Amino acid sequence: MASRKTKKKEGGAKRAQRASSNVFSNFEQTQIQEFKEAFTLIDQNRDGFIDKEDLKDIYASLGKTNVKDEELESMLKEAAGPINFTMFLNLFGAKLLGMDGEETILNAFKMFDPDGKGHIHKDYLKRMLMTQADKFTAEEIDQMFKSSPIDAAGNLDYKSFCYTITHGEEKEE
């Protein structure tokens, strides 16, 4: 127990952990354990974060020693912050669940907001989603609006909504 109390905290750990607390609900406990094992294998220096040196080491252990720094940096840039286990799950969850990135989803909402106001009236959005392309059902729309930031005038703040979709709800401290 004493080792837990004296353990030094990393500076970026708090910011990375807040990326998404909902990501754990996307997986079964056995899947989370498998991801934890994979994370531990990649985290070669056992500091709780995956960095460029960890990636170099894991590639070397697989026999690939000519990986370019640009490739490794590109991989690391896919994360919104330091890659701790929560961020690792978030990255894999988005890939495995086939979720588009935040920018892609935001651009889709911007199509309904030609004036760039940052919000769309919920009635207009509902009408568009129920009558165009892959039509939503009334149930699907209602479910979406339950977790949507809608103001008193009935406008959906789609920027906040996109963040919630891709990162989970973030609680302000």
Side-chain angles (χ1 to χ4, degrees), residues 4 7-113 118 120 129 133-134 136 140 143-149 156-173:
R4 290 176 78 195
K7 194 173 188 178
K8 183 181 174 188
K9 290 190 177 187
E10 295 292 328
K14 185 175 182 183
R15 188 176 322 130
Q17 286 176 335
R18 285 194 298 165
S20 175
S21 58
N22 285 349
V23 72
F24 289 93
S25 65
N26 292 331
F27 301 104
E28 300 287 328
Q29 188 61 38
T30 55
Q31 291 174 305
I32 292 172
Q33 185 57 39
E34 289 171 4
F35 280 122
K36 186 66 174 172
E37 289 171 21
F39 180 85
T40 302
L41 283 172
I42 297 169
D43 182 20
Q44 296 282 301
N45 63 7
R46 306 289 185 254
D47 66 352
F49 294 88
I50 295 175
D51 57 24
K52 189 163 54 169
E53 291 306 312
D54 290 326
L55 292 176
K56 278 184 183 178
D57 291 344
I58 197 70
Y59 270 111
S61 72
L62 297 170
K64 188 171 181 182
T65 56
N66 59 347
V67 181
K68 295 180 180 151
D69 278 354
E70 297 82 35
E71 290 178 71
L72 300 174
E73 288 166 9
S74 175
M75 287 179 206
L76 293 171
K77 285 181 183 173
E78 287 188 38
I83 303 175
N84 65 3
F85 182 62
T86 303
M87 181 63 72
F88 183 78
L89 266 185
N90 214 4
L91 290 168
F92 273 90
K95 300 273 187 216
L96 290 174
L97 298 173
M99 185 188 313
D100 289 320
E102 183 175 3
E103 193 65 29
T104 303
I105 297 170
L106 192 58
N107 287 334
F109 276 105
K110 284 180 182 177
M111 291 178 63
F112 298 109
D113 181 24
I120 305 167
L129 292 175
D134 292 334
F136 279 52
E140 290 170 327
Q143 184 179 6
M144 179 183 80
F145 286 154
K146 282 181 186 173
S147 60
S148 305
L156 167 72
D157 177 351
Y158 64 83
K159 292 177 182 178
S160 294
F161 185 58
C162 289
Y163 184 88
T164 301
I165 291 170
T166 56
H167 299 282
E169 291 188 53
E170 182 172 337
K171 304 287 184 209
E172 289 298 319
E173 293 177 14

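Computed from a prediction, not measured in an experiment: that's the story for all the values here.
Atom CZ of F85 sits about 9.5 Å away from atom CD1 of I50, to the nearest 0.5 Å. In this structure, E78 CD and M87 CE are separated by 11.5 Å, a value rounded to the nearest 0.5 Å. Once rounded to the nearest 0.5 Å, the distance linking CG of L76 with CG of D69 reads 10.0 Å. With rounding to the nearest 0.5 Å, the separation of SG in C162 from NZ in K110 is 9.0 Å. Once rounded to the nearest 0.5 Å, the distance linking OG1 of T65 with CG of D57 reads 12.0 Å. Between the CD atom of Q31 and the CD atom of E34 there is a distance of 7.0 Å, given to the nearest 0.5 Å.
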ask   = side chain to side chain contact (heavy atoms under 4.5 Å, CB included) between N45 and D51: does it pass, once the steps are laid out?
value = CA-CA 9 Å; N45 63 7; D51 57 24; 3.8 Å; yes
query = Under the side chain to side chain contact (heavy atoms under 4.5 Å, CB included) criterion, do M75 and L55 qualify, and how do the steps go?
reply = CA-CA 9 Å; M75 287 179 206; L55 292 176; 4.2 Å; yes
Derivation of the side chain to side chain contact (heavy atoms under 4.5 Å, CB included) call for Q44 and I58 = CA-CA 7 Å; Q44 296 282 301; I58 197 70; 3.7 Å; yes
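Remark: side-chain polar atoms of T40 are paired, donor with acceptor, to backbone N or O of K36 under 3.5 angstrom.
Side-chain contact check for F161 versus F109: some heavy-atom pair is nearer than 4.5 Å. Between F49 and N84 the shortest side-chain heavy-atom distance falls below 4.5 Å. Using a 4.5 Å cut-off on side-chain heavy atoms (C-beta onward), L129 and M144 make contact. The shortest distance between side-chain heavy atoms of F39 and D54 does not fall below 4.5 Å.
A pairwise comparison of heavy atoms in D43 and R46 identifies O-NH1, 2.5 Å as the closest pair.
Other residues, nucleotides and ligands contribute only 12 or fewer heavy atoms inside 6.0 Å of the CD atom of Q143.
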